[in-house]
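Reminder, nothing fancy here: chain letters follow the sequence lines and each chain counts from 1.
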There are 2 protein chains.
Amino acid sequence: MADINFSSPTLSPELRAAEPATAADGEPLRWDIIELLFFAYRDFVGDADHELEAFGFGRAHHRVMHFVTRYPGLKVADLLDVLRITKQSLGRVLKQLLDEGYIVQKTGNNDRRQRLLFATPKGEALVAKLAGLQTRRIDRALEQVGPAGAEKVRQFLRAMIDRDDPDKVLEAIFRTPVAAAKE
Amino acid sequence: MADINFSSPTLSPELRAAEPATAADGEPLRWDIIELLFFAYRDFVGDADHELEAFGFGRAHHRVMHFVTRYPGLKVADLLDVLRITKQSLGRVLKQLLDEGYIVQKTGNNDRRQRLLFATPKGEALVAKLAGLQTRRIDRALEQVGPAGAEKVRQFLRAMIDRDDPDKVLEAIFRTPVAAAKE
DNA sequence: GCAGAAACGTCAATATGGCTGACATAAATT
DNA sequence: AATTTATGTCAGCCATATTGACGTTTCTGC
């Protein structure tokens, strides 16, 4: 164990991953993908986090604004399904966004109990700005794998998502057909 | 806007994504990948979250145990770099894991100020169990894209990660060569 | 050898974003 | 008319993050 010493932060690091452990059933574990997902998502959301600070908003505000912008007329109940939080949690964040004019509510036409949610131009602009940052990162990454690779990435991500009991937004996403795999 | 009504939760949903907005520069935004990443990561970490509840642990505990197990002898400072949290935040979680015997500290040989972190068998077992859940999901998804697709996915995820100012764990990850792209 | 920096620990206060439980109202459904 | 649904809200709790300040041990540079 003498070689597990990092004498100085500026010296070349001797850190290395442990021998790949396997699951109880002997099947190899996907340590590489697990960690890549962690770091990729950390940096991916970091793009938006940084920008949101300037507005006094957090990730929760971003998620709400994002889905309301993308799916205009979303009901409160739908949003709760998508975000998997309670209405009390949503309440605080949503109230702020309404008060500050990023989102507006409209009473449902068919069902007047419903509050349909819509992003204002101000809200849309912020969401587009944040999506722009994330798009830049995604474009950079997709360039590395080419158009066929991009479809593989989409297929992979879709297959990572639980399909049982999908909410409405997920259904909308999965209605979009994947491009045929041209391997 | 009459068609944006969802009269009943059990009826077929008419929800659909808004017309794809574009960034200020006119470049199209990657709404699809942005949302796929959101849902994929949500369900990916959900696997572990559910299991962790039984232990009274949260995501923070998982992250700490994961990286300590994978990179034995990790210093506290390295962990702070990787997790991008403050030592005060780490403190509480780490103390719990030490107290409950999931992690042990060893004084550094070269530098006695350092507390090198190691997972106990108990800690390793829990991390392997959680990784097993996540591996099952990843395997299922990778099956959809084949071996060549799996490499594309790895390349994509690596390219999504910031390379400027990488911490030691990231360096270790990126030292692993990517398989040659066989397109 | 001594000054200063580094690695780590800890106390206190605060913020965010989750949670549960309880209760209220308006509108739809039966 | 009774019940259920969709939503809102009050009150309190918890987990996890933050900043600032301070202390100890140990290493490093002069």
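In this structure, B:Arg137 fails the cation-pi test against B:Phe44, since its NZ or CZ atom is not both closer than 6.0 Å to the six-membered ring centre and inside 45 degrees of the ring normal.
Counted within 6.0 Å of NZ on A:Lys95, heavy atoms from surrounding residues, nucleotides or ligands total 12 or fewer; the atom is thus considered open.
Using a cutoff of 4.0 Å between basic side-chain nitrogens and carboxylate oxygens, B:Asp43 and A:Arg84 are scored as salt-bridged.
Side-chain nitrogen and oxygen atoms of B:Gln114 include none within less than 4.0 Å of the OP1 or OP2 phosphate oxygen of D:dC27.
Rounded to a whole Å, the NE2 atom of B:His62 is 17 Å from the C1' atom of D:dT16. Per the geometry, CG belonging to A:Asp81 stands 14 Å off P belonging to D:dT5, to the nearest Å. One can place CG of A:Leu80 at 14 Å from P of D:dT9, the figure rounded to the nearest angstrom. Counting to the nearest Å, the C1' atom of D:dC14 and the CZ atom of B:Arg59 are 15 Å from each other. Note: CZ (B:Arg63) to C1' (D:dT16) measures 9 Å, nearest angstrom. In this structure, B:Leu117 places its CG atom 11 Å from C1' of C:dC8, rounding to the nearest Å. Straight-line distance from the NZ atom of B:Lys75 to the P atom of D:dC27: 13 Å, rounded to whole Å. Distance A:Leu79 CG to D:dG8 C1': 15 Å, rounded to the nearest Å.
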Please set out all donor-acceptor pairs under 3.5 angstrom arising from side-chain atoms of residues 32-41 of chain A, sequence neighbours excluded.
| from | atom 1 | to | atom 2 | distance (Å) |
| --- | --- | --- | --- | --- |
| A:Asp32 | OD2 | B:Arg154 | NE | 2.5 |
| A:Asp32 | OD2 | B:Arg154 | NH2 | 3.1 |
| A:Glu35 | OE1 | B:Arg70 | NH2 | 3.3 |
| A:Glu35 | OE1 | B:Tyr71 | OH | 2.6 |
| A:Glu35 | OE2 | B:His66 | NE2 | 2.8 |
| A:Glu35 | OE2 | B:Arg70 | NE | 2.6 |

Which atom pairs, donor and acceptor, lie under 3.5 Å between side-chain atoms of residues 50-65 of chain B and protein residues at least two apart or in another chain?
| from | atom 1 | to | atom 2 | distance (Å) |
| --- | --- | --- | --- | --- |
| B:Glu51 | OE2 | B:Lys129 | NZ | 3.0 |
| B:Arg59 | NE | B:Asp49 | OD1 | 3.2 |
| B:Arg59 | NE | B:Asp49 | OD2 | 2.9 |
| B:Arg59 | NH2 | B:Asp49 | OD2 | 2.7 |
| B:His61 | ND1 | B:Gly58 | N | 2.9 |
| B:His61 | NE2 | B:Gln96 | OE1 | 3.0 |

Donor-acceptor contacts, no H, no angles, side chain residues 140-150 of chain B, under 3.5 Å, sequence neighbours left out:
none

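Not a single donor-acceptor contact under 3.5 angstrom links the side-chain atoms of A:Arg113 to the base of C:dA26.
Side-chain proximity of A:Arg115 to D:dT16, D:dT7, C:dC8: nearest is D:dT7. Listed nucleotides C:dA27, D:dT26, C:dG17 differ in distance to B:Arg112; the shortest reach to its side chain belongs to D:dT26. Checked against D:dA6, D:dC27, C:dC8, the side chain of B:Ala77 finds its nearest nucleotide in C:dC8.
Taking every heavy atom of residues 82-104 of chain A and every atom of DNA chain D, pairs under 4.0 Å involve A:Lys87, A:Gln88, by number. Only at 4.0 angstrom or more do the heavy atoms of residues 40-54 of chain A sit from any atom of DNA chain D, so none qualifies.
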Evaluate the criterion side-chain contact (heavy atoms from CB on, under 4.5 Å) for residue pair B:Val68 and B:Leu79; output intermediate values, then yes/no. CA-CA 8 Å; B:Val68 169; B:Leu79 206 40; 4.0 Å; yes
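When the ring-ring contact (aromatic ring centres under 6.0 Å, His included) test is applied to A:Phe156, no partner is found at least two apart in sequence or on another chain.
Note that the NZ atom of B:Lys152 and the NZ atom of A:Lys152 stand 10.0 Å from one another [nearest 0.5 Å].
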